[in-house]
Amino acid sequence: VQLQASGGGLVQAGGSLRLSCAASGRAISSLIMGWFRQAPGKERVFVAAISRTADTTGYLDSVKGRFTISRDNAKNTVYLQMDSLEPEDTAVYYCAADRAAYSGYWLPRTRPQYDYWGQGTQVTVSS
């Protein structure tokens, strides 16, 4: 699976951006999809994830109510709508895919659990 993230850029605090992650090589309908971010000098951390049928989502506490993850399996694309952006959201954002099957509504939130990664897109929020 190849993942191509796009949509990053420079935005003022309080603004919005919409990231996209286009997949090729495999239908994402069989994959759990996630977004991570990595700020300069820091580890890559979980931001959001969405189940195969979009009936379950999970978020980093600091982005709840501001970010929304969604997916369009027909377009093989996942999105991250980011509103009310803060300077602390500045990072390179990566999309990822997990091919494992889990029971119930549990979603993976750690980097090793994801099998495929995109190249990242830079998001910079100015104060």
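Numbers here simply count residues along the sequence, with the first being 1.
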### Message
Check whether Phe46 forms a cation-pi arrangement with Arg111 (NZ or CZ under 6.0 Å from the six-membered ring centre, at most 45° off the ring normal).
### Response
no
### Side chain proximity check, Tyr105 to Ser51, heavy atoms < 4.5 angstrom
no
### Message
Any heavy-atom pair between the side chains of Val123 and Leu19 that's under 4.5 Å?
### Response
yes
### Task
Would you kindly confirm whether Tyr114 and Val92 end up in one hydrophobic cluster when ILVMFWY residues are joined by side chain heavy atoms under 4.5 Å apart?
yes
### Task
Any chance you could measure Ser16, atom OG, to Gln81, atom CD, to the nearest 0.5 Å?
5.5 Å
### Query
With distance as the sole test, does Arg26 use its side chain to make a donor-acceptor pair with the main-chain N or O of Gln2 at under 3.5 Å?
no
### Task
Kindly give the heavy-atom pair with the smallest separation between Gly58 and Arg109, and that separation in Å.
CA-NH2, 3.6 Å
#### Entry: In one Ile/Leu/Val/Met/Phe/Trp/Tyr side-chain cluster, 4.5 Å: Tyr93, Ile50
yes
#### Entry: Salt-bridge contact Asp115-Arg99 (side-chain N to carboxylate O under 4.0 Å)
yes
### Message
If you compare all heavy atoms of Ala48 against all heavy atoms of Leu80, which two are closest, and at what distance to 0.1 Å?
### Response
CB-CD1, 4.2 Å
### Thr57 side chain to Ala54 backbone, donor-acceptor under 3.5 Å
no
### Task
Using the rule that two of Ile, Leu, Val, Met, Phe, Trp, Tyr join whenever any of their side-chain heavy atoms come within less than 4.5 Å, decide whether Leu3 and Trp35 are in one cluster.
yes
### Task
Test side-chain contact (heavy atoms from CB on, under 4.5 Å) on Val11 and Thr124 and set out the steps.
CA-CA 6 Å; Val11 64; Thr124 303; over 6 Å; no
### Rounded distance [0.5 Å steps], OG1 in Thr68 versus CZ in Arg18
10.5 Å
#### Entry: Side-chain donor/acceptor of Gln119 to backbone N/O of Ala5, under 3.5 Å
yes
### Task
State, with a plain yes or no, whether a side-chain heavy atom of Val47 is found less than 4.5 Å away from one of Phe67.
yes
### Thr77-Asp72 side chain donor-acceptor pair, cut-off 3.5 Å
no
### Query
Minimum heavy-atom separation for Gly7 to Leu17, with atom names?
O-CD2, 3.8 Å
### Query
Do side-chain atoms of Tyr59 reach the backbone of Ile69 as a donor and acceptor pair under 3.5 angstrom?
yes
### Message
Would you say that Leu60 contacts Arg37 through its side chain, given a criterion of any heavy-atom pair below 4.5 Å between the two side chains?
### Response
yes
#### Entry: Spacing of CE belonging to Met33 relative to SG belonging to Cys95, to within rounding of 0.5 Å
5.5 Å
### Task
Kindly give the heavy-atom pair with the smallest separation between Ser70 and Val78, and that separation in Å.
O-CG1, 3.3 Å
### Query
Are any non-hydrogen side-chain atoms of Gln38 and Tyr94 less than 4.5 angstrom apart?
yes
### Summary
In short, Ser127 meets Pro87 closest at the heavy-atom pair CB-CG, 3.8 Å
### Query
Do Leu107 and Ile32 touch side chain to side chain, with heavy atoms closer than 4.5 Å?
yes
### Message
Rounded to the nearest 0.5 Å, what separates atom OH in Tyr116 from atom CG in Asp98?
### Response
9.5 Å
### Message
Does any part of the side chain of Ser62, heavy atoms only, come nearer than 4.5 Å to the side chain of Glu88, both counted from C-beta?
### Response
no
### Query
Has the side chain of Arg52 got a donor or acceptor atom that lies under 3.5 Å from a matching backbone atom of Ile28?
no
#### Entry: Test log, rule side-chain contact (heavy atoms from CB on, under 4.5 Å), inputs Arg71 and Tyr79
CA-CA 6 Å; Arg71 64 192 297 159; Tyr79 306 97; 5.9 Å; no
### Side-chain heavy atoms of Arg66 within contact of Glu86, under 4.5 Å
yes
